Amino acid sequence: MSNQVQIEIITTQMVDGQKDESRANYRGSCDIADEMATLVYAMEQAGRRVETTLTLKEDGCFMENRGAEERTMDFLPGQRTRTALQLPMGRLDLEVHTHTYDLQTSHENTGHMQVELVYDLYSGADLLATNRLQIRVIPE
């Protein structure tokens, strides 16, 4: 099943005791098959296009960015995974420690979904940020 959807993402980030919250809405697509959902949407960052693919499964979430920003991130509750962010000044190796991943879907298979994801981002032993994402998917 492939549908056009509205995707609302609320991001809360804690860096050095400072809280920053942002909210963004995207139009994208949602494919549901084999007990997983794949969301695809695009955004503009500093005038450059980034396409994001989120794969949502019962046991974890997987993100891939393509375009102006290239990276993949795996969010597996209770686990630490590695990622790298390609920046203009070079590559930054990071570690993701996922605390919470909660995927809620509608029982009627309407495509409505809600995801909550809480994770820490590390560079070596240094905690860079604690992040909380809330993602709501609403069919058009």
Side-chain angles (χ1 to χ4, degrees):
M1 168 174 131
S2 178
N3 291 308
Q4 294 301 306
V5 294
Q6 291 293 324
I7 302 166
E8 177 185 42
I9 301 176
I10 301 169
T11 305
T12 306
Q13 186 174 61
M14 291 289 293
V15 178
D16 295 330
Q18 298 292 324
K19 182 178 176 179
D20 182 39
E21 186 170 293
S22 65
R23 182 180 303 253
N25 290 291
Y26 305 100
R27 186 167 189 258
S29 65
C30 178
D31 294 316
I32 301 173
D34 300 325
E35 297 186 25
M36 74 177 186
T38 303
L39 301 174
V40 178
Y41 61 94
M43 67 180 100
E44 295 287 325
Q45 290 183 333
R48 302 179 341 184
R49 183 179 171 87
V50 176
E51 185 174 289
T52 300
T53 300
L54 286 174
T55 303
L56 308 172
K57 298 181 178 183
E58 284 296 319
D59 62 345
C61 175
F62 308 90
M63 181 186 74
E64 179 181 6
N65 287 349
R66 292 179 305 282
E69 180 181 298
E70 302 276 334
R71 78 173 154 183
T72 60
M73 295 176 82
D74 298 342
F75 302 99
L76 302 167
Q79 295 185 35
R80 290 180 180 251
T81 57
R82 296 189 181 279
T83 188
L85 182 57
Q86 191 60 45
L87 301 169
M89 66 286 270
R91 176 184 159 120
L92 178 61
D93 292 318
L94 301 171
E95 191 171 276
V96 178
H97 181 201
T98 304
H99 298 284
T100 303
Y101 170 70
D102 182 32
L103 170 63
Q104 297 178 10
T105 59
S106 65
H107 296 292
E108 298 83 27
N109 200 25
T110 61
H112 283 82
M113 285 182 266
Q114 187 165 313
V115 176
E116 182 173 5
L117 180 62
V118 179
Y119 65 96
D120 292 333
L121 210 56
Y122 289 89
S123 176
D126 297 325
L127 174 64
L128 300 178
T130 297
N131 298 285
R132 179 175 184 230
L133 296 179
Q134 295 172 286
I135 304 168
R136 292 187 185 97
V137 179
I138 303 164
E140 291 186 336

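Just so it is clear, the model here is predicted, and its values are computed rather than measured.
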Quick one: do [X] and [Y] end up in the same hydrophobic cluster if we chain Ile, Leu, Val, Met, Phe, Trp and Tyr together by side-chain heavy atoms under 4.5 Å apart?
{"X": "Leu94", "Y": "Phe75", "value": "yes"}
{"X": "Ile32", "Y": "Phe62", "value": "no"}
{"X": "Met63", "Y": "Leu85", "value": "yes"}
{"X": "Ile9", "Y": "Val50", "value": "yes"}

**Item:** Separation of Leu128 CG from Leu92 CG (nearest 0.5 Å)
**Value:** 7.0 Å

**Request:** Supply the atom-to-atom distance Gln13 CD to Asn131 CG, rounded to the nearest 0.5 angstrom.
**Result:** 4.5 Å

Work out which heavy atom in [X] is nearest to a heavy atom in [Y]; give both atom names and the distance.
{"X": "Val5", "Y": "Pro139", "value": "CG1-CA, 3.9 Å"}
{"X": "Gln4", "Y": "Gly28", "value": "OE1-O, 3.2 Å"}
{"X": "Pro77", "Y": "Gly60", "value": "CD-CA, 4.5 Å"}

[X] side chain near [Y] side chain, heavy-atom distance below 4.5 Å:
{"X": "Gln6", "Y": "Glu140", "value": "yes"}
{"X": "Met73", "Y": "Leu121", "value": "yes"}
{"X": "Thr52", "Y": "Met43", "value": "yes"}
{"X": "Met113", "Y": "Ile135", "value": "no"}
{"X": "Thr38", "Y": "Met36", "value": "yes"}
{"X": "Glu51", "Y": "Asn65", "value": "no"}
{"X": "Leu133", "Y": "Val115", "value": "no"}

**Item:** Any residue meeting ring-ring contact (aromatic ring centres under 6.0 Å, His included) with Tyr41, in chain and number order, not counting sequence neighbours
**Value:** Tyr26

Would the number of heavy atoms belonging to other residues, nucleotides or ligands and lying under 6.0 Å from [atom1] of [X] be above 12?
{"X": "Arg66", "atom1": "CZ", "result": "yes"}
{"X": "Glu44", "atom1": "CD", "result": "yes"}
{"X": "Asp16", "atom1": "CG", "result": "no"}

**Pairwise side-chain hydrogen bond (donor to acceptor under 3.5 Å, both in side chains) hits with a residue in residues 113-124, at least two apart** = His99-Asp120, Glu116-Arg132, Asp120-Thr130

**Prompt:** Should Glu21 and Thr12 be marked as a side-chain hydrogen bond (donor to acceptor under 3.5 Å, both in side chains) after you check the CA-CA gap, both sets of side-chain angles, and the distance that decides it?
**Reply:** CA-CA 4 Å; Glu21 186 170 293; Thr12 306; 3.2 Å; yes

Partner residues of [X] under the side-chain contact (heavy atoms from CB on, under 4.5 Å) criterion, sequence neighbours left out:
{"X": "Glu58", "answer": "Leu103"}
{"X": "Arg48", "answer": "Ala68"}
{"X": "Thr81", "answer": "Asp74, Leu76, Val96"}

**Request:** For Asp93, check salt bridge (charged side-chain N to carboxylate O under 4.0 Å, His left out) against everything at least two apart and list the hits.
**Result:** Arg91

**Message:** As a quick check of understanding, evaluate side-chain contact (heavy atoms from CB on, under 4.5 Å) for Leu39 and Leu56, giving each step before the final call.
**Reply:** CA-CA 8 Å; Leu39 301 174; Leu56 308 172; 4.0 Å; yes

**Message:** The test is side-chain hydrogen bond (donor to acceptor under 3.5 Å, both in side chains); show your working for Asp20 and Gln18 and say whether it passes.
**Reply:** CA-CA 7 Å; Asp20 182 39; Gln18 298 292 324; over 6 Å; no

